[in-house]
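We name chains A, B, ... by the order of the sequence lines, and we start the count at 1 in each one.
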Number of protein chains: 2
Amino acid sequence: MVKADCRRRLMEVGTRLFAERGLHGVSVRELSRAAGASISMISYYFGSKEGLYSSVLQEQFACFDQIGDIRQQGASPLAVLEGYLRWTIQRHRSNPYLLRFYTSELTNPTAYFATLVAPPIGNVIKILADVIEEGRQQGQFRPGINAVNAALALAGMINYFFLSTLATESLTNHSPAQDEQLVGQYAAIFTQGIIAAP
Amino acid sequence: MVKADCRRRLMEVGTRLFAERGLHGVSVRELSRAAGASISMISYYFGSKEGLYSSVLQEQFACFDQIGDIRQQGASPLAVLEGYLRWTIQRHRSNPYLLRFYTSELTNPTAYFATLVAPPIGNVIKILADVIEEGRQQGQFRPGINAVNAALALAGMINYFFLSTLATESLTNHSPAQDEQLVGQYAAIFTQGIIAAP
DNA sequence: GTCTATATTGCGATAGAC
DNA sequence: GTCTATCGCAATATAGAC
């Protein structure tokens, strides 16, 4: 086998197994077996099991680098918030393991939380809060709004929809076919609320 | 040491350590050492490490049995939704480890997920959705509202506020002194949205 | 009911052949 | 660059003394 192949297969297998059972739930024996490589390849390419884990984590959170894209010039605050919903759904759809690393690190942080995980998450909330604060100052949003808490509310709505899937799949349709409706529903709740117009 | 004491201390230590590092991240050696008991006490009282874990999990989710209380007779749908926010905050405040088991089981389910975790979570969402559906039929809430997705949105807002703490503590005040303001802010967003009144 | 001591298995990491 | 073989250690679980 050639170099790049073995390394890549270890990353793929590591992503799946670490996501499913956490850093401590997988052994290097199992990782190497699943990758069809020998056990020593993990030390060779990543130094240790933790090294492989941190590489996987870094790759998982690389998608957050594109967060700035949702803030296109000239777009209204409302359009940006809707863009955030779409971007977040897309992230979860194209990477079904992201949420596991995300919540696992938030509740059982490893040594890599501070450098690889917290900054991108904090950054997203900061950008959303900025956009909300802008809209507030332009008179589009209510003066009483706390921008950061509102940003957390929007992020919470959409992330929890995916997080809760295993416990609620019998209650609502989680299929990608419904994604655009979900964007509409959640944008409507966040902007107008659920109360009927007077 | 008397029987009840040793068993109780193992439960306390198990709760803290399993929450902090997950089922696979803690050894029976460490558990027994931290509880000031011998290693064989875990087998004696719980059969195995997994037995201790499932006992802890059961105790953690016992607080969900009181969910029915938020639906007091005569209370308006709006009052019930606000009661849910308060009840959820109270749950997280009085048990700082609950959210770790909650998200850890949702993303890395153990054998106990189906019996101990999914039912209470699904039940809460079902009750919220029922209340929203009622309000909708009474004309209080917008006809276009999807009750289950709206229930998930409300649950997501408040749970994510606590979930994201580690990554956002520098951005907003997470102290219990702000809890009642948070209830007001999130109830307002969920019912009226963030858009300024016309 | 609680302990110590131990049986057995599996772990992460590495040495050294090819 | 990849393998096999192995070292040293820690894991869970249990036997048996008290």
Expressed in angstrom and rounded to an integer, what is the separation of [X] atom [atom1] from [N] atom [atom2]?
X: B:K49; N: C:dG10; atom1: NZ; atom2: C1'; value: 13 Å
X: B:R8; N: C:dG1; atom1: CZ; atom2: P; value: 16 Å
X: B:L31; N: D:dT12; atom1: CG; atom2: P; value: 8 Å
X: B:D5; N: C:dG1; atom1: CG; atom2: P; value: 13 Å
X: B:I39; N: D:dA10; atom1: CD1; atom2: P; value: 13 Å
X: A:Y53; N: C:dA13; atom1: OH; atom2: P; value: 15 Å
X: A:L23; N: C:dG12; atom1: CG; atom2: P; value: 9 Å
X: A:R33; N: D:dT4; atom1: CZ; atom2: C1'; value: 15 Å

What pair of heavy atoms forms the shortest contact from [X] to [Y], and how long is it?
X: B:N149; Y: A:T172; value: OD1-OG1, 2.8 Å
X: B:I158; Y: B:T88; value: CG2-CG2, 3.8 Å
X: A:A150; Y: A:I145; value: CB-CG2, 4.0 Å

Exercise. Within the pair A:S27 and C:dG10, is there a side-chain N or O less than 4.0 Å away from OP1 or OP2?
Worked result: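 False: A:S27 side-chain N/O out of range (4.0 Å or more) of C:dG10 OP1/OP2.
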For this session: Using a cut-off of strictly less than 4.0 Å, decide whether B:Y44 has a side-chain nitrogen or oxygen near OP1 or OP2 of C:dC3.
Result: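 No, B:Y44 has no side-chain N/O under 4.0 Å of OP1/OP2 on C:dC3.
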Exercise. Of A:E30 and A:G47, whose nearest nucleotide on DNA chain C comes first from the 5' end?
Worked result: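 It is A:E30 whose nearest nucleotide is closer to the 5' end.
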Problem set entry | Side chain of A:S48 (C-beta onward), nearest among C:dC3, C:dA13, D:dT2 |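 That would be C:dA13.
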Problem set entry | Donor/acceptor link under 3.5 angstrom from A:R29 side chain onto base of C:dG10 |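 By the distance-only test, no, there is no pair.
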Exercise. Should A:R136 and A:E133 count as an ion pair when the cut-off is N to O under 4.0 Å?
Worked result: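 Answer for the salt bridge query: yes.
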Problem set entry | B:Q60 versus B:N95, side-chain donor and acceptor atoms under 3.5 Å |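 Yes.
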Exercise. Between B:E50 and A:S40, which is nearer to the 5' end of DNA chain D once each is assigned its nearest nucleotide?
Worked result: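 Taking each residue's closest nucleotide, the earlier one in sequence belongs to A:S40.
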